[in-house]
2 protein chains.
Amino acid sequence: MSTPHKVSTEQARALNAYVRLMRAVEFVTRRISPHLATHGLTWSQFEVLEALNQFGSLCQNTVAEKILKSPANITTVIDNLEKQKLVRRERSAEDRRFVTVHLTEEGRRLIHEACPRHIAAIVEEMKILSKSEQEELSRLCRKLELKEGK
Amino acid sequence: MSTPHKVSTEQARALNAYVRLMRAVEFVTRRISPHLATHGLTWSQFEVLEALNQFGSLCQNTVAEKILKSPANITTVIDNLEKQKLVRRERSAEDRRFVTVHLTEEGRRLIHEACPRHIAAIVEEMKILSKSEQEELSRLCRKLELKEGK
DNA sequence: GAGTTATAATTCGACATCGAAAGATTAGAT
DNA sequence: ATCTAATCTTTCGATGTCGAATTATAACTC
C-alpha cells in the first residue's frame with residue numbers, strides 16, 4: 001500500500017504498520033496451513049472442531065461467534081464436516097429453532113490428534129519473537145482489535 | 001486457541017500472541033471493508049486495481065505476486081474487473097504466453113477516487129497506536145513475515 | 001388466541017480461493 | 001529441426017465467504 005498518492009509522514013507510518021501487519025498474517029498463515037491439510041481439514045473446519053472441543057457442544061450461532069464467521073457460512077462448513085462424520089447435528093428439543101452441534105467420536109479423535117501439532121506449528125512460528133516481543137505484540141494487537149474510540 | 005490441551009507458559013504466551021494477531025487483523029479488516037463496498041469493489045478487486053495504479057500495467061503472474069494470491073485466482077478476479085470495464089487484457093506480442101493487464105480510464109478514475117478514502121480508513125484504524133507503537137508493530141510483523149530461520 | 005416481533009438456521013447468488021490438470025507458447029538441448 | 005523442459009494462463013471442482021431473502025419456531029402484546 002505504499003501508494004503513489006501523496007501522504008504525510010504520519011500517514012506513511014500508519015500505512016506501513018498496516019501493510020506489515022497484513023503481510024505477517026498472510027505469511028504465517030501460509031506456513032501453518034499445510035499442517036491442517038495433512039488431516040484433510042480446511043482452516044474453517046479446524047476452527048469449528050477446535051471450538052467444539054474446547055467449549056463442548058454448541059449451537060450454530062455460537063460457533064459463528066467463536067470463529068468470527070457469518071451464520072450462513074457456518075451452515076456450509078458444518079455441512080461438510082457432517083459429510084465426513086466428524087460432527088453431528090441435533091435439533092434442540094426445548095427450542096426447536098436451535099441446532100446443537102456435537103463432535104462425533106471420530107471428530108474428537110481427529111481434533112485430539114491435530115490440535116497438538118497445530119499448536120506446535122504456531123509456537124514454532126512465534127518463537128522468532130522473544131518473550132517480551134510476544135507480549136508487546138499481544139498488547140498492540142489487542143488495542144487494534146478493541147479500538148473502542150471509534 | 002486457549003485450548004484444553006496442556007501447554008507450558010511459554011507455549012501459552014506464543015499462542016496468545018498468535019490469537020491476538022489474527023483477531024486484530026480480522027477486526028481491522030472488518031471495519032475497513034465497507035469503504036470498498038461503496039465503490040462496488042471487493043477486497044481483491046481493489047488490491048488488483050491498486051497494484052496496477054502503483055506499478056503500471058502488469059502481467060497476471062506479477063499481479064498474483066503483488067497481492068499474494070494464486071494465479072488461478074487472479075484469472076477470475078480480472079475476469080470480474082473486465083466485466084466492469086475497469087481493466088483491459090492484452091496478449092503480449094513478444095511472448096504470447098503473457099497477458100498484460102491495463103487499467104482503463106474508468107478503472108483509473110475509480111481507483112483515484114477510492115484510494116484516498118481507503119488510506120484514510122486505514123490511518124484512522126492505526127492511529128489508535130502511538131508513533132512508536134506503530135513502528136514497533138511494523139518491526140515485529142516484519143520479523144514474523146521473514147522468519148528466515150525456519 | 002390472533003397478530004406482531006424476534007431469533008435460528010437455511011437457501012440463494014455472487015465472488016473468492018486454491019490445487020491440479022490442461023492448453024498454449026517459448027526456450028534450451030542435442 | 002525436433003524433442004524436452006519450463007512458463008503463463010485458463011479451466012475445473014471443491015470449499016469458503018457474505019448479504020439478503022426465506023422458513024421455522026418462539027415470545028410478546030393486546
Side-chain angles (χ1 to χ4, degrees), chain A residues 22 25-27 29-49 51 57-84 86-102, chain B residues 22 25-27 29-49 57-84 86-101:
Chain A
M22 292 296 158
V25 167
E26 183 62 35
F27 278 79
T29 301
R30 198 168 289 193
R31 289 191 293 255
I32 290 177
S33 291
H35 294 268
L36 298 184
T38 67
H39 296 283
L41 292 175
T42 68
W43 185 268
S44 290
Q45 288 172 357
F46 178 83
E47 286 188 299
V48 170
L49 292 186
S57 301
L58 299 172
C59 74
Q60 293 193 182
N61 244 348
T62 312
V63 174
E65 283 167 23
K66 294 293 183 196
I67 77 170
L68 302 177
K69 297 290 158 58
S70 76
N73 183 19
I74 293 304
T75 297
T76 70
V77 175
I78 302 271
D79 282 349
N80 288 320
L81 284 172
E82 216 175 17
K83 276 185 210 154
Q84 300 178 58
L86 298 174
V87 304
R88 182 170 51 81
R89 275 182 167 101
E90 196 173 82
R91 188 60 77 168
S92 164
E94 310 96 57
D95 188 335
R96 295 186 49 72
R97 289 173 301 182
F98 288 75
V99 171
T100 312
V101 186
H102 306 272
Chain B
M22 293 295 158
V25 167
E26 183 63 35
F27 279 78
T29 301
R30 199 167 289 192
R31 289 191 294 254
I32 290 178
S33 290
H35 295 267
L36 298 185
T38 67
H39 295 283
L41 292 175
T42 67
W43 185 266
S44 290
Q45 287 171 358
F46 177 83
E47 286 189 299
V48 170
L49 292 186
S57 302
L58 299 173
C59 75
Q60 296 194 180
N61 241 351
T62 312
V63 174
E65 283 166 24
K66 295 291 183 199
I67 77 170
L68 302 177
K69 296 291 158 56
S70 76
N73 183 20
I74 293 303
T75 296
T76 70
V77 176
I78 302 271
D79 282 350
N80 289 321
L81 286 172
E82 217 174 17
K83 277 184 211 155
Q84 300 178 59
L86 299 174
V87 303
R88 180 171 52 80
R89 276 182 166 101
E90 197 173 81
R91 189 59 78 167
S92 165
E94 312 97 55
D95 187 335
R96 294 186 50 73
R97 289 172 302 182
F98 288 73
V99 172
T100 311
V101 186

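Just so it is clear, the model here is predicted, and its values are computed rather than measured. Order of the sequence lines sets the chain letters (A, B, ...), proteins ahead of strands, with each chain counted from 1.
A donor-acceptor contact under 3.5 Å links the side chain of R97(B) to the base of dT7(D).
Using a 4.0 Å heavy-atom cutoff across all strands shown, T75(A) reaches at least one base atom of the nucleic acid. Contact annotation for E94(A): backbone-only contact, meaning every heavy-atom pair under 4.0 Å involves sugar-phosphate atoms and none involves a base.
Between the P atom of dA16(C) and the CD1 atom of I67(B) lies a distance of 9 Å, rounded to the nearest Å. One interatomic measurement links the two molecules: CD of E47(A) to P of dT17(D), which rounds to 8 Å at whole-angstrom precision. Atom P of nucleotide dT17(C) and atom CD of E26(A) are separated by 9 Å, given to the nearest angstrom.
Considering only side-chain N and O atoms, S44(B) lies under 4.0 angstrom from the phosphate OP1 or OP2 of dT17(C). Residue N80(A) has a polar side-chain atom (N or O) positioned under 4.0 Å from OP1 or OP2 of dG16(D). OP1 or OP2 of dT15(D) has not a single side-chain nitrogen or oxygen of T76(A) nearer than 4.0 Å. Close to dT10(C), at under 4.0 Å from its OP1 or OP2, lies a side-chain N or O of R89(A). Neither OP1 nor OP2 of dT17(C) sits under 4.0 Å from any side-chain N or O of S70(B).
Candidate nucleotides dT10(D), dT25(D), dC15(C) were compared by shortest atom distance to the side chain of K83(B), and dC15(C) ranks first. Distance from the side chain of N73(B) is smallest for dC18(C) among the nucleotides dC18(C), dT9(D), dG16(D). Of all nucleotides listed (dT26(C), dA9(C), dA16(C)), dA9(C) comes nearest to the side chain of V99(A). In the set dA20(C), dT15(D), dT25(D), the nucleotide with an atom closest to the side chain of A72(B) is dA20(C). For C59(A), the side-chain atoms get nearest to dA9(C) when compared with the rest of dA16(C), dA9(C), dT25(D).
A salt bridge links E82(A) with R89(A): at least one charged nitrogen is closer than 4.0 Å to a carboxylate oxygen. A salt bridge does not link K66(A) with E47(A): every distance from a Lys NZ or Arg NE/NH1/NH2 to an Asp or Glu carboxylate oxygen is 4.0 Å or more.
Side chain of T62(A) to backbone of L58(A): no donor-acceptor contact under 3.5 angstrom is found.
Between V25(A) and T29(A) the shortest heavy-atom distance is O-OG1, 2.7 Å.
The structure places CZ of R91(B) at 11.0 Å from SG of C59(B), a figure rounded to the nearest 0.5 Å.
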